[in-house]
Amino acid sequence: MIDNVSLITMFVLSGLNETRNHRFILFSLTLLCYCVILLVNICLIVTIILDKNLHDPMYILLCTFCMNGLYGTAGFYPKFLWDLLSPVHVISYSGCLVQALVMYSFACSDMSILSVMAYDRYVAICRPLEYHSIMSKPRLFKLVCFSWLTPFCIIGINIFVTSRLKLCSPYIARLFCVNWIIVKLACFPAQTTVNGIVAYITIIMYVFNGVFIVWSYMYLIKTCVNSIENRAKFMQTCVPHLIALLIFVVTILFDVMSMRFGSKDLPQIFQNVVAVEFLVIPPIMNPLIYGFKLTKIRNRIVQYLGQRLRQGGFT
């Protein structure tokens, strides 16, 4: 059995090797970025939790979306900030697998939550009289659990299969651990057959997930064309979902294309930027898009800020 277990106990993350001369500038920008992510996501989460008028399924799903953003970024930013201040960029074998689990499950959960959001909008616009019976609290709870636990279990299987590989190199040419790159470090390619099968099954599942989202919005657009009321509802509540979906798909596709087909001759800095896009752009942009576009959330935040300013003026 010992032959099936990796003897490597530490991985070296070599993605930062070309940024040594700008480490403190990069640390400051990264810390600022992470603080903005925490601020905008926590602001939206707290606003939805505290305001009972925002306890509708759409806003609860948005709250779940923001929580998932905090979960995913927590798996990257603290370790990355530590690496920027450390002369050696290493991570334990178990820590690497955990980080890969967090990164992948975060991305897959985003897709699952967007699917549930698309279903919610379909019911709200196409079957409005049945909305509250279909999107009841018990069903909403099940959908939220599905959107979190299912990706976690699926990616957990991928990581478990990877953990059985015997690896021959401890060097990962990335800023963080990625399951696909860990698999490439296997001593014997024949060992990775199961990994490939599980990975392709996972990809196919989430491709169908994406097809479902696209079909849902195409049906919604078709339904809303002839109704002024439905068009207004679509523009108000569905456009933010579509923008979030577009941002997510573009950033993930850039990352996947870079890993699968990217040339090793490309500058390391360019590869790093592409690799962290999905950990920078969606977690910042999604709360801002929803905060500005959804009237109830925007009004609640403006009202709260106005109260704080008036209190500050009196004191």
Side-chain angles (χ1 to χ4, degrees), residues 37-38 40-75 98 101-159 202 205-206 208-217 219-220 233-234 236-245 248 282-283 286-287 289-291 293-297 300-301:
I37 289 172
L38 292 175
V40 294
N41 282 277
I42 291 174
C43 179
L44 214 60
I45 291 169
V46 171
T47 300
I48 293 171
I49 291 175
L50 294 182
D51 192 340
K52 293 183 178 180
N53 294 322
L54 298 177
H55 288 184
D56 294 331
M58 180 178 70
Y59 298 105
I60 293 174
L61 290 171
L62 175 56
C63 186
T64 304
F65 201 40
C66 292
M67 287 179 179
N68 191 56
L70 294 179
Y71 161 73
T73 52
V98 170
L101 172 64
V102 172
M103 296 293 98
Y104 277 72
S105 61
F106 153 68
C108 292
S109 291
D110 258 7
M111 180 63 82
S112 295
I113 296 168
L114 286 168
S115 298
V116 177
M117 284 178 163
Y119 175 71
D120 173 74
R121 290 301 85 203
Y122 159 76
V123 176
I125 293 176
C126 300
R127 303 169 66 180
L129 299 179
E130 304 173 72
Y131 179 72
H132 291 290
S133 60
I134 293 175
M135 295 300 293
S136 60
K137 288 185 178 180
R139 178 166 293 180
L140 181 62
F141 177 76
K142 291 177 182 177
L143 289 172
V144 169
C145 290
F146 162 80
S147 63
W148 265 338
L149 296 179
T150 303
F152 189 85
C153 292
I154 292 172
I155 300 304
I157 294 171
N158 281 265
I159 300 300
T202 303
M205 288 177 62
Y206 283 96
F208 278 114
N209 217 337
V211 170
F212 168 76
I213 296 173
V214 172
W215 176 85
S216 298
Y217 284 114
Y219 189 84
L220 282 172
K233 189 181 292 185
F234 180 88
Q236 179 66 30
T237 63
C238 295
V239 169
H241 298 331
L242 287 172
I243 296 173
L245 176 64
F248 173 79
N286 290 339
I289 291 168
Y290 285 106
K293 186 63 179 174
L294 297 180
T295 306
K296 282 187 178 181
I297 292 180
R300 186 67 187 90
I301 292 174

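Reckoned from all heavy atoms, side chains included, excluding hydrogens, waters and symmetry mates.
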Point to revise | Candidate pair Tyr217 and Leu242, rule side-chain contact (heavy atoms from CB on, under 4.5 Å), full reasoning | key: CA-CA 8 Å; Tyr217 284 114; Leu242 287 172; 3.5 Å; yes
Check your understanding: Are Cys238 and Leu220 close enough, and set up right, to give a side-chain contact (heavy atoms from CB on, under 4.5 Å), and what steps lead you there?
Key -> CA-CA 9 Å; Cys238 295; Leu220 282 172; 4.1 Å; yes
Contact summary for [X] and [Y], nearest pair of heavy atoms:
X	Y	result
Asp120	Pro57	OD1-CB, 3.7 Å
Val102	Gly75	CG1-CA, 3.8 Å
Cys66	Ile45	CB-CG1, 3.7 Å

Practice item. Using the side-chain contact (heavy atoms from CB on, under 4.5 Å) rule, pick out the option among Ile154, Ile155, Ile113 that qualifies with Cys108. Key: Ile155
Practice item. Just do the side-chain contact (heavy atoms from CB on, under 4.5 Å) check on Tyr59 and Asn53 with the steps written out, would you? Key: CA-CA 10 Å; Tyr59 298 105; Asn53 294 322; over 6 Å; no
Check your understanding: Between Tyr290 and Phe65, what is the ring plane arrangement, given parallel below 30°, perpendicular above 60°, and tilted in between?
Key -> perpendicular
Review point. Does some side-chain heavy atom of Asn286 sit less than 4.5 Å from a side-chain heavy atom of Phe248?
Key: no
What's the separation between atom [atom1] in [X] and atom [atom2] in [Y], rounded to the nearest 0.5 Å?
X	Y	atom1	atom2	result
Met117	Ser115	CE	OG	10.5 Å
Leu114	Ile213	CG	CD1	5.0 Å
Ile48	Met67	CD1	CE	8.5 Å
Leu62	Leu44	CG	CG	5.0 Å
Ile134	Leu140	CD1	CG	13.0 Å
Arg139	Tyr119	CZ	OH	5.5 Å

Can a donor-acceptor pair be found, under 3.5 Å and without considering hydrogens, that links the side chain of [X] to the backbone of [Y]?
X	Y	value
Asp51	Thr47	no
His55	Leu50	no
Thr150	Ser147	no
Asn41	Pro283	yes

Exercise for review: Assess whether atom OH of Tyr71 is packed by more than 12 heavy atoms of other residues, nucleotides or ligands within 6.0 Å.
Suggested key: yes
**Study point:** Candidate pair Asn209 and Ser112, rule side-chain contact (heavy atoms from CB on, under 4.5 Å), full reasoning
**Key:** CA-CA 7 Å; Asn209 217 337; Ser112 295; 3.9 Å; yes
